[in-house]
*Asks:* 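The structure follows.
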Amino acid sequence: MLDLPVPATTTLLKPSAPAAGRRGGLRAWAKSFLPDREEQGSLVPVHVAIIMDGNGRWARQRGMPRTLGHRKGADALSNLIEHAARVGIAHLTVYAFSTENWQRPREEVDELMNLLSEYLDSEAERLHREGVKLTIIGQRGRLPQLTQNKLAALEKKTASNTAIHVQVALSYGGRQEIVDAARSLAARVKKGELSPDGITEETLTASLYAPNVPDPDLLIRTGGDFRISNFLLWQASYGELYFTDTLWPDFNGTELDKAIRAFQSRQRRFGRVEEAA
């Protein structure tokens, strides 16, 4: 149980999860003991975004190849998705591969692409069975065609699932996303569909990769660095930041609970005075 003082009627964690495949999935199970968000004062963040950093260092500390660190990191993601749904998180966005990562040695990039393909093969059915909706943001056209096909198939298969929405940032860059949105708006202006004065925060937001996903409440970075590395630059403007030295393969449900407790301890004023917030 999360030990931050909360109203006596609010329970954030329950000791056992439902059996895989139970009707309604993990999200429905979580709702069976989580009060409405209005009642609990948004104690659990609706949207958590994570920069999964530290796979290579985790492997190096153990005298292993970096590729084994990435494989261990993939296992950590599978476990964390289940835990995130269990505590009531609605949206989980993970930074899996950035536009800058294409600059890594070709051997490592190829191994990461192979690992992604293997992960989709091994986890697709389980994700669907547990009610996970999966979507991709980023320049997917740069990914291998076979991987693109697998991702599109899994997105289609899981589109109606409601346990938790997992958004994977692949070949993603926050600056590039904003540039793409600006180009889209410029094209509309050129066609006469939109006036320059009609370009607002709302119209730009609507042109981003996932306009219907709420902004992240909590952005976590593992691995000890204190930067957001071109991740969700527009969307994270008011997200609470949480940095941990824990390397990604070791980031588990207990570590996520620590981040949520830190989130719960903060007051989010959004530029207003404390009383108004």
*Asks:* Could you tell me whether the side chain of Ile199 reaches within less than 4.5 Å of the side chain of Val189, counting heavy atoms only?
*Replies:*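 They are in contact (side-chain heavy atoms under 4.5 Å apart), so the answer is yes.
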*Asks:* State whether a side-chain donor-acceptor pair under 3.5 Å links Thr99 with Arg142.
*Replies:*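 No donor-acceptor contact under 3.5 Å links the two side chains.
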*Asks:* Can Gln139 and Tyr172 be counted as having a side-chain donor-acceptor contact under 3.5 angstrom?
*Replies:*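 Looking only at side-chain atoms, Tyr172 and Gln139 do not form any donor-acceptor pair under 3.5 Å.
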*Asks:* Any donor and acceptor pair, going by atom type alone, linking the side chain of Asn114 with main-chain N or O of Asp110 inside 3.5 Å?
*Replies:*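 Between the backbone of Asp110 and the side chain of Asn114 there is a qualifying donor-acceptor contact (under 3.5 Å).
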*Asks:* Can you check side chain to side chain contact (heavy atoms under 4.5 Å, CB included) on Trp58 and Leu68, steps first, answer last?
*Replies:* CA-CA 9 Å; Trp58 185 92; Leu68 290 182; 5.6 Å; no
*Asks:* Could you measure the distance from the CD atom of Glu107 to the CZ atom of Arg66? Nearest 0.5 Å is fine.
*Replies:*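 If we round to the nearest 0.5 Å, Glu107:CD and Arg66:CZ are 12.5 Å apart.
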*Asks:* So which atom in Arg57 and which in Gly223 form the shortest heavy-atom distance, rounded to 0.1 Å?
*Replies:*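 Closest heavy-atom pair between Arg57 and Gly223: NH1-O, 2.6 Å.
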*Asks:* If you measure from the Lys or Arg side-chain nitrogens to the Asp or Glu carboxylate oxygens, is any gap between Asp257 and Arg261 under 4.0 Å?
*Replies:*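 A salt bridge is absent here (no side-chain N lies under 4.0 Å from a carboxylate O).
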*Asks:* State whether Glu118 and Lys150 are salt-bridged, where the test is any N-O pair (Lys NZ or Arg NE/NH1/NH2 against Asp/Glu carboxylate O) under 4.0 Å.
*Replies:*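 Salt bridge between Glu118 and Lys150, a charged N being under 4.0 Å from a carboxylate O: no.
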*Asks:* With the threshold set at 4.0 Å, does a side-chain nitrogen-carboxylate oxygen contact exist between Arg106 and Glu111?
*Replies:*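 The answer is no: the pair does not qualify as a salt bridge.
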*Asks:* Answer yes if the side chains of Asn161 and His128 hold a donor-acceptor pair under 3.5 Å, and no otherwise.
*Replies:*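 Distance-only check passes for Asn161 and His128.
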*Asks:* Under 3.5 Å, is there a donor-acceptor pair between the Asp180 and Gln176 side chains?
*Replies:*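 There is such a pair between these side chains.
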*Asks:* Using the six-membered ring wherever Trp is involved, compare the ring planes of Tyr95 and Phe231 and label them parallel, tilted or perpendicular (cut-offs 30° and 60°).
*Replies:*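 Tyr95 vs Phe231 ring planes: parallel.
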*Asks:* Hey, is the main chain of Asp53 close enough, under 3.5 Å, to the side chain of Thr222 for a donor-acceptor pair?
*Replies:*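 Such a contact is found between Thr222 side chain and Asp53 backbone.
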*Asks:* State, with a plain yes or no, whether a side-chain heavy atom of Thr244 is found less than 4.5 Å away from one of Glu255.
*Replies:*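 In short, these two side chains touch, coming nearer than 4.5 Å.
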*Asks:* Hey, could you give me the OG/CD1 distance between Ser265 and Ile260, rounded to the nearest 0.5 Å?
*Replies:*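 Going from OG on Ser265 over to CD1 on Ile260, the span is 12.0 Å.
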*Asks:* Search all heavy atoms of Ala236 against all heavy atoms of Leu219 and return the closest pair with its distance.
*Replies:*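 Looks like CB-CD1, 3.8 Å.
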*Asks:* Identify which one of His91, Lys133, His47 satisfies the side-chain hydrogen bond (donor to acceptor under 3.5 Å, both in side chains) criterion when paired with His165.
*Replies:*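 With His165 as partner, His91, Lys133, His47 yield a single side-chain hydrogen bond (donor to acceptor under 3.5 Å, both in side chains), made by His91.
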*Asks:* Carefully, step by step, assess Asn79 and Asn252 under the rule side chain to side chain contact (heavy atoms under 4.5 Å, CB included).
*Replies:* CA-CA 7 Å; Asn79 294 330; Asn252 53 23; over 6 Å; no
*Asks:* Does a side-chain heavy-atom distance below 4.5 Å link Trp234 with Leu204?
*Replies:*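 In contact.
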*Asks:* Counting only heavy atoms not in Arg62, do more than 12 sit closer than 6.0 Å to its CZ atom?
*Replies:*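 Atom CZ in Arg62 is packed in, count exceeds 12.
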*Asks:* Nearest 0.5 Å please: distance from the CG atom of Leu170 over to the CG atom of Leu151.
*Replies:*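 CG of Leu151 is found 6.5 Å from CG of Leu170.
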*Asks:* I'd like to check Ile81 versus Val94 (side-chain heavy atoms, cut-off strictly below 4.5 Å). Are they in contact?
*Replies:*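 A side-chain contact is absent here, since even the closest heavy-atom pair is not under 4.5 Å.
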*Asks:* For Arg104, give me all partners under side chain to side chain donor-acceptor pair (under 3.5 Å), at least two apart in sequence or on another chain.
*Replies:*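 Residues passing side chain to side chain donor-acceptor pair (under 3.5 Å) with Arg104: Glu108.
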*Asks:* Are the side chains of Ile220 and Val48 in touch, meaning some heavy atoms are under 4.5 Å apart?
*Replies:*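 They are in contact (side-chain heavy atoms under 4.5 Å apart), so the answer is yes.
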*Asks:* Just jot down the side chain to side chain donor-acceptor pair (under 3.5 Å) partners of Thr158, sequence neighbours excluded, or say none.
*Replies:*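 Side chain to side chain donor-acceptor pair (under 3.5 Å) list for Thr158, sorted by chain: empty.
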*Asks:* Could you tell me whether the side chain of Gln235 reaches within less than 4.5 Å of the side chain of Glu177, counting heavy atoms only?
*Replies:*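 Sidechains of Gln235 and Glu177: in contact.
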*Asks:* Can you tell me how far apart OG1 (Thr147) and CG (Leu116) are? Round to the nearest 0.5 Å.
*Replies:*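 Output value for this atom pair is 5.5 Å.
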*Asks:* Under the salt bridge (charged side-chain N to carboxylate O under 4.0 Å, His left out) criterion, do Arg140 and Glu155 qualify, and how do the steps go?
*Replies:* CA-CA 13 Å; Arg140 67 176 71 199; Glu155 284 180 307; 2.8 Å; yes
*Asks:* Do Ile89 and Val44 come close enough that some side-chain heavy atom pair is under 4.5 Å?
*Replies:*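 Counting from C-beta outward, Ile89 and Val44 do come under 4.5 Å.
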*Asks:* Keeping the roles fixed (side chain from Gln148, backbone from Leu143), state whether a donor-acceptor pair exists under 3.5 Å.
*Replies:*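 Such a contact is found between Gln148 side chain and Leu143 backbone.
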*Asks:* Taking atom CD of Glu193 as the centre, does the number of heavy atoms from other residues, nucleotides or ligands within less than 6.0 Å exceed 12?
*Replies:*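 Yes, because the 6.0 Å sphere around CD of Glu193 holds more than 12 heavy atoms from other groups.
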*Asks:* Closer than 3.5 angstrom, by distance alone: can the side chain of Trp248 be matched with the main-chain N or O of Gly54 as a donor-acceptor pair?
*Replies:*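 Judged by distance alone, no pair lies under 3.5 Å.
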*Asks:* State whether Asp75 and Arg71 are salt-bridged, where the test is any N-O pair (Lys NZ or Arg NE/NH1/NH2 against Asp/Glu carboxylate O) under 4.0 Å.
*Replies:*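 Not counted as a salt bridge, because no side-chain N and carboxylate O are separated by less than 4.0 Å.
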*Asks:* With a 4.5 Å cut-off on side-chain heavy atoms, are Val213 and Gln167 touching?
*Replies:*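 Yes, side chains in contact.
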*Asks:* Starting from the C-alpha separation in whole Å, work towards a yes-or-no answer on side chain to side chain contact (heavy atoms under 4.5 Å, CB included) for Thr203 and Thr205.
*Replies:* CA-CA 5 Å; Thr203 56; Thr205 297; over 6 Å; no
*Asks:* Taking all non-hydrogen atoms of both residues into account, name the closest pair between Ala59 and Pro65 and its distance.
*Replies:*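 What the structure gives for the nearest pair is CB-O, 3.2 Å.
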